[in-house]
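Encoded as structure tokens, the structure appears first; notes follow it.
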Amino acid sequence: MTRTPPFRLAQGGRLIDRAFQIPFRFDGRHLRGVTGDTLASALLANGQMLMGRSFKYHRPRGPIASGAEEPNALLSLGQGGRFEPNQRATTTPLVAGMVTRSQNCWPSLDADLMAVNNWLSPLFPAGFYYKTFIHPRPFWKHLFEPVIRRSAGLGAAPVEADPDRYEQAYAFADLVVVGGGIAGLTAARDAAASGQRVIVLEQAPHWGGRTPTDHPGGQAAVDALLADLRGRENVTLRRNTMATGLYDHGYLIAREAIADHDPNAGLPRQRLWRIRAGHVVTATGALERPLSFACNDVPGVMLASAVRDFITDYGVAPGQSILVVTNNDDAYRTALAARAAGLDVPAIIDARPLADGALPQAAREAGIRVLTGTGIAKVKGGKHVEAAAICDQSGEGRVLETIACDVIAMSGGWSPVVHLWSHCGGKLVWDDQAAMFRPDPDRPPLGADGKGNVTVTGAANGDLACAGDLEQPEGATMPVWVMPARAPYKLRTKMWLDFQNDVKVSDVELAAREGYASVEHTKRYTTLGMATDQGKVSNINGLAILSAALDQPIPQTGTTTFRPPYTPLTLATIAAEARGEAFQPLRKTPIHGWHETHGASFEPVGQWRRPYCYPQGAEDRHAAVNREILAVRGGVGTLDASTLGKILVKGPDAGRFLDMLYTNMMSTLPVGKCRYGLMCNENGFLMDDGVVARLSEDSWLCHTTTGGAERIHGHMEDWLQCEWWDWKVYTANLTEQFAQIAVAGPKARALLERLPGTIDLAALPFMQWAEGELAGIPARIFRISFSGELSYEIAVPAGRGLELWQTLQREGRDFGITPYGTEAMHVMRAEKGFIMIGDETDGTIIPQDLGLDWAISKKKPDYIGKRAQKRLHMTDGNRWKLVGIESLSDKVIPDGAHAVAEGTNGNGQRKVQGRITSSYHSPTLGKPIAMALVRHGPARMGQVLDFPMPSGEVLQGRICDPVFYDKEGSRLNG
Amino acid sequence: MAEILAQVARIEGLAMITIRAGLARAGDALAEAIGLAIPDRTGITTDGTRSLGWMSPDELLLILPEADRDEALQLLEQALAGEHALVADMSDARAVFDVTGPHADDVIAKLSPVDLAHLAPGTLRRSRAAQTAAAFWRIPGGLRVIGFRSTADYLGLILSEAARPGTGLAPR
Amino acid sequence: MLTLTCPYCGVEAEETELHPGGEAHLKRVGPDGSDEDFEAYLFARKNPKGVHFERWRHAYGCGKWFLAARCTASLQVFGTYKAQTPHPPAEIVDAIRAHRPDWQPDWTPEQAQAESAAE
């Protein structure tokens, strides 16, 4: 029969208000719904049953469900940055002006050219892709994969940034009840009465679950519970909040929809709740299962409960003539609801031989024809249901009669929603009587105390009659996995299990025949349950089919693993506030603002942002770096070195401690002096370096690399707390207390002497420090040098760092003072042959590799890493060692380039004998310079190495001393 | 338009001194020098202008007006003379925000994994605010939050964003 | 995501406030150790399914390292205790035994006594 209006019923619809019309668009058409509609109910009310195309065969599809389990009615919502694919029409509240589109069809939903796949479906059985596209190998990359990728996926990915805001929040409760139906509300009331802190989460905008829809006294019972709970301070009731996952130690993630698709509210669109629950009650209800009969995917074949919901909750007639097919009593409610709404119910097809419970009796009394022991052999119709061929359930599908209808309401029984229970390790038992998996109370998920921390109640526990005394007893469900029971192959190839991924009964049977005995393997081979709905309506039917094919009981087959999230979470919700400026904390020095206003080009160093260089005018970065270097070498420059780690180590055992921490001796360092130190881990590998200054008899200040401050402080505390806990040492990380400015260049002292102060710089030798006042600011001046020039590092309280920096720029103007960035610093240190942690080291380099033996104490009996450096591989004379490399051309040999050796390895690759660790153009020397680790390098001075480039070109470099500039170190004195 | 959940204000002019010492031995001398009771584990004591917070079993944080810093440093050095102890001025290393208003707790609840219902007055909680270290305690009308100077912009931003109008955590 | 109670400050912290540090009670092998002992110290880990002792730092908190006795399979936490001990204290052993009667420590009481006396 054809579908005829009206689709919106004249009466009924407990969730809608017909007074308020809501305009929206679907595939360009202007439609209207009413307040309270979901997108699905509004589309149905406009006669739009066809809502999408299936993934593989592009078969026409309408909604089969009314909630979160819906596999078919996935739409694209919104435009531009708010475009969002794969949104379930059944759970999306209708909002005025909403723009929606169907997916997976071209050129249109009605005329989809890809539907040719449907006619070719016998060619595309389970495993088709695996079998077909594996040979010949090159075809995969160049032909098969591009084609498959283009046709894969449901909705398109959004291309613009999401303009909405999202946030997260933490919550704590003694008890979290998931599910605001009658069972959940009852559990919450019981717990609340004992004074516990209770949070109740409900996925829908309204409370009560199925109870108000299914039971005449349901709404009143729900209202009474809500009134009780609302009166309690210790109870939080949260609607529109989907609990998506339960994790270790009672950690529950939930998504609250605040301003979904209502961008004008100025609110965060969604909020991610991170809830720590002492105990969780899952009252998540049950999902109705489809029945597997031929062509059960034609639009208009729906779950019986969904048909009832659309009629009772939304006042929508999915069709005018509703045929019910069932294996249980519950579906009779749909027949009665349809009849009460004035719709035609031509028959109830009941697979059970007997149906004489209260509900079947009521149906018969209402004059509805009940056919027991029967089933549907086949659905007739293409884009919508036109009729059903009826057969004996026990037979092979011989047609007894054909019944015209435009909707088929099917019910294959109910499956408890066990996802949250299972996420964190709760086990299931198969209930043969009720034909369902339900939580096994003896094997719950465990909390931190080793006790079960989840309990289950209501339909989620298999208690389908949990509406309590509202309910009349129902007759037993009869398991029906295939309809009719002895359906031949031809019918089984038309019985859909997974609607979204187009997996049929015959596909699962094929997998079993091909040897897939494990349900997890079958899932991946057939893609059963792997779509965005994660098989909420298909899994149990699928594994029942697999069990039958393997000739084993269902519990032996078991279920696939339930993994969070229960429904898909938008990535933006997970990111919450961490986007844009707040994506991650940017650490800024006290002089950061000056760098910004003076055109600094920044580079990230850990979470810090440091000026890489300061391009002037039309300069590019390379030119700026060269200018800065020449300015420092020829005059004076300033570097913001505030990011260097500064850790105070103090106590009677501090010297002894630092002797263990550094490879060289720190306890003998005289007060007032500085020493360069290396720090290794227990593996012997170099982990950090820096200058240590002895501040007083019992205190040392340890400088670390920029990225190393927190790590090294943690390293120190680890050894102090966990190994040498009786040593009297305190540490404090003073990194951010001080701004530190390097003033470097032959004119550095002249500049500093212009500033008023109490420190006699002429009397401050290299590798010593002094403190006093400089330009009216309390300062500590270290005469140390990373550039090779006369250089002072000046530490002042962070709050006065900018002031000192600006004073230096002002006073140094006629010296041509030049702020320089990290790249100039890097090049200058390389010109001097100084190593850089992270360039010359990579976590596998020991100090000996870098020719730093002079910084390793021979006298000390022990230091961290000493034992490791005695290992065979560490003392192997073939280790690559640090050398300089002079490029034979004017080209810079790229950082990371490998020097090749004679011969090839087992993989046919050229053997290697070294690699470049740092490489720059040196403006000071006017040529490229590099540092490299080379086998026997220091013994091979003057030899030429080949560095093949990806282009085929071979660059050549000559091994030389790594100190390229001022070998005698005379420039340190200005 | 709804009100913001709380005022977020950067507080300047506070000095902070880190004290590391064996509190069992040096506690009395410290208390006398500072003029505040040594806080219990995770506690913070205050006389209205100065506060003394428990940071770890061997670490206290003294917070006081900037003008009193040098004197306090001197008194502490004297009180701890002969003890194994460390006193360090951290005033410039920190950033302080006051979050005040009827829904100040909601602001913190969006950023820190802390059960604020159980954060009693006089308790100092060290934790994190989103991705940066932070400590907070109750002050009249709200909470005081301290973090690091280098990430002050980030901390200020996430606090202000969390305080946006209409975003209270009460169920809607 | 785990929660552990820091034994120094009493705060029940969640995993994001903590920093993991691997197996606890490793005995450092210094410069005189044999190759075999040193290799074991650096690399050999028990990695058990079941009762395990491990290091955690209350990084976003009091900064102290502490030790936790935990079941790696069920994630049950038997207790946390201070790091300054060469072996788990008796009350931790008792707490484990209460839930895992068959579990045996892999150190002897004599060892534990001798080492704590040496401290």
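Order of the sequence lines fixes the chain letters, A, B, ..., with proteins taken first and strands second; residue numbering starts at 1 for each chain. These figures come from a predicted structure and were not determined experimentally. Values below: all heavy atoms of this structure, side chains included; hydrogens, waters and symmetry mates excluded.
Shown here for A:Pro652 and B:His84, the closest heavy-atom pair between the two residues is CD-ND1, 3.5 Å. When all heavy atoms of B:Thr167 and A:Glu167 are compared, the pair lying nearest together is O-OE2, 3.8 Å. Residues A:Arg587 and B:Ser150 share a closest heavy-atom pair of NE-OG, 3.1 Å. Between A:Ala582 and B:Ile158 the shortest heavy-atom distance is CB-CG2, 3.9 Å. Closest approach of A:Ala732 and B:Met90 over heavy atoms only: CB-CE, 4.3 Å. Nearest heavy atoms, A:Arg197 versus B:Ala117: NH1-CB, 3.5 Å.
The CG atom of B:Leu116 sits 11.5 Å away from the OH atom of A:Tyr170 when rounded to the nearest 0.5 Å. The distance from the OH atom of B:Tyr154 to the CD atom of A:Gln607 is 8.5 Å, given to the nearest 0.5 Å. Atom OG1 of residue B:Thr151 and atom NZ of residue A:Lys588 lie 10.0 Å apart, to the nearest 0.5 angstrom. The CZ atom of B:Arg149 sits 9.0 Å away from the OG1 atom of A:Thr589 when rounded to the nearest 0.5 Å. One finds the OG atom of B:Ser56 at 8.0 Å from the CD atom of A:Gln721 (value rounded to the nearest 0.5 Å).
Looking at A:Asn733, the atoms closer than 4.5 Å to chain B (heavy atoms on both sides) all sit in the backbone: N, CA, C or O. Of the two parts of A:Thr731, the backbone and the side chain both hold a non-hydrogen atom closer than 4.5 Å to a non-hydrogen atom of chain B. For B:Ala88, the part sitting under 4.5 Å from any heavy atom of chain A is the side chain, from C-beta outward, and nothing else. For B:Asp115, the parts lying near chain A are the backbone and the side chain together; criterion is any non-hydrogen pair under 4.5 Å. Heavy atoms of B:Thr18 lying under 4.5 Å from chain A are absent altogether. No part of B:Ala152 comes within reach of chain A, as not one of its non-hydrogen atoms sits under 4.5 angstrom from that chain. Contacts of B:Asp89 with chain A are made by both backbone and side-chain atoms, with heavy-atom separations under 4.5 Å. Only the side chain of A:Arg271 comes within less than 4.5 Å of a heavy atom in chain B; its backbone stays farther off. Both the backbone and the side chain of B:Arg20 come within contact range of chain A, each with at least one heavy atom under 4.5 Å from a heavy atom of that chain. Using a 4.5 Å cut-off between heavy atoms, B:Leu157 touches chain A through its side chain atoms alone. For A:Tyr251, no part sits under 4.5 Å from any heavy atom of chain B, backbone or side chain. With a 4.5 angstrom heavy-atom cutoff, A:Glu577 touches chain B only via side-chain atoms.
Here A:Leu586 is the residue among A:Asp698, A:Leu586, A:Thr236 with the most heavy-atom pairs under 4.5 Å with chain B. Among B:Ser91, B:Ala162, B:Ala85, the residue making the largest number of heavy-atom pairs under 4.5 Å with chain A is B:Ala85. Ranked by heavy-atom pairs shorter than 4.5 Å toward chain B, the options A:Thr643, A:Thr735, A:Val729 are led by A:Val729. Between chain A and the options B:Gly22, B:Ser112, B:Gly166, heavy-atom pairs under 4.5 Å are most frequent for B:Ser112.
Here the side chains of A:Trp273 and B:Leu169 are in contact, with some heavy-atom distance below 4.5 Å. Looking at heavy atoms from C-beta onward, A:Arg274 lies out of side-chain contact with B:Pro113 at the 4.5 angstrom threshold.
For CD of B:Gln131, the number of neighbouring non-hydrogen atoms (other residues, nucleotides, ligands) closer than 6.0 Å is greater than 12. Counted within 6.0 Å of CG on B:Asp28, heavy atoms from surrounding residues, nucleotides or ligands total 12 or fewer; the atom is thus considered open. Residue B:Asp40 qualifies as open at atom CG: its count of foreign heavy atoms under 6.0 Å is 12 or below. Annotation: A:Phe602, atom CZ; neighbour count of heavy atoms from other residues, nucleotides and ligands within 6.0 Å is above 12. By the 6.0 Å contact criterion, CD on B:Glu32 is open, its count of non-hydrogen atoms from other residues, nucleotides or ligands being 12 or less. Shown here is A:Glu596, whose CD atom has more than 12 heavy atoms of other residues, nucleotides or ligands within 6.0 Å. For B:Arg25, the CZ atom sits in a loose shell: 12 or fewer heavy atoms of surrounding residues, nucleotides or ligands are nearer than 6.0 Å.
A:Glu736 contributes no side-chain N or O that, together with a main-chain N or O of B:Asp92, makes up a donor-acceptor pair within less than 3.5 Å.
The existence of a salt bridge linking B:Glu161 and A:Arg165 is confirmed by a sub-4.0 Å separation between a basic side-chain nitrogen and an acidic carboxylate oxygen.
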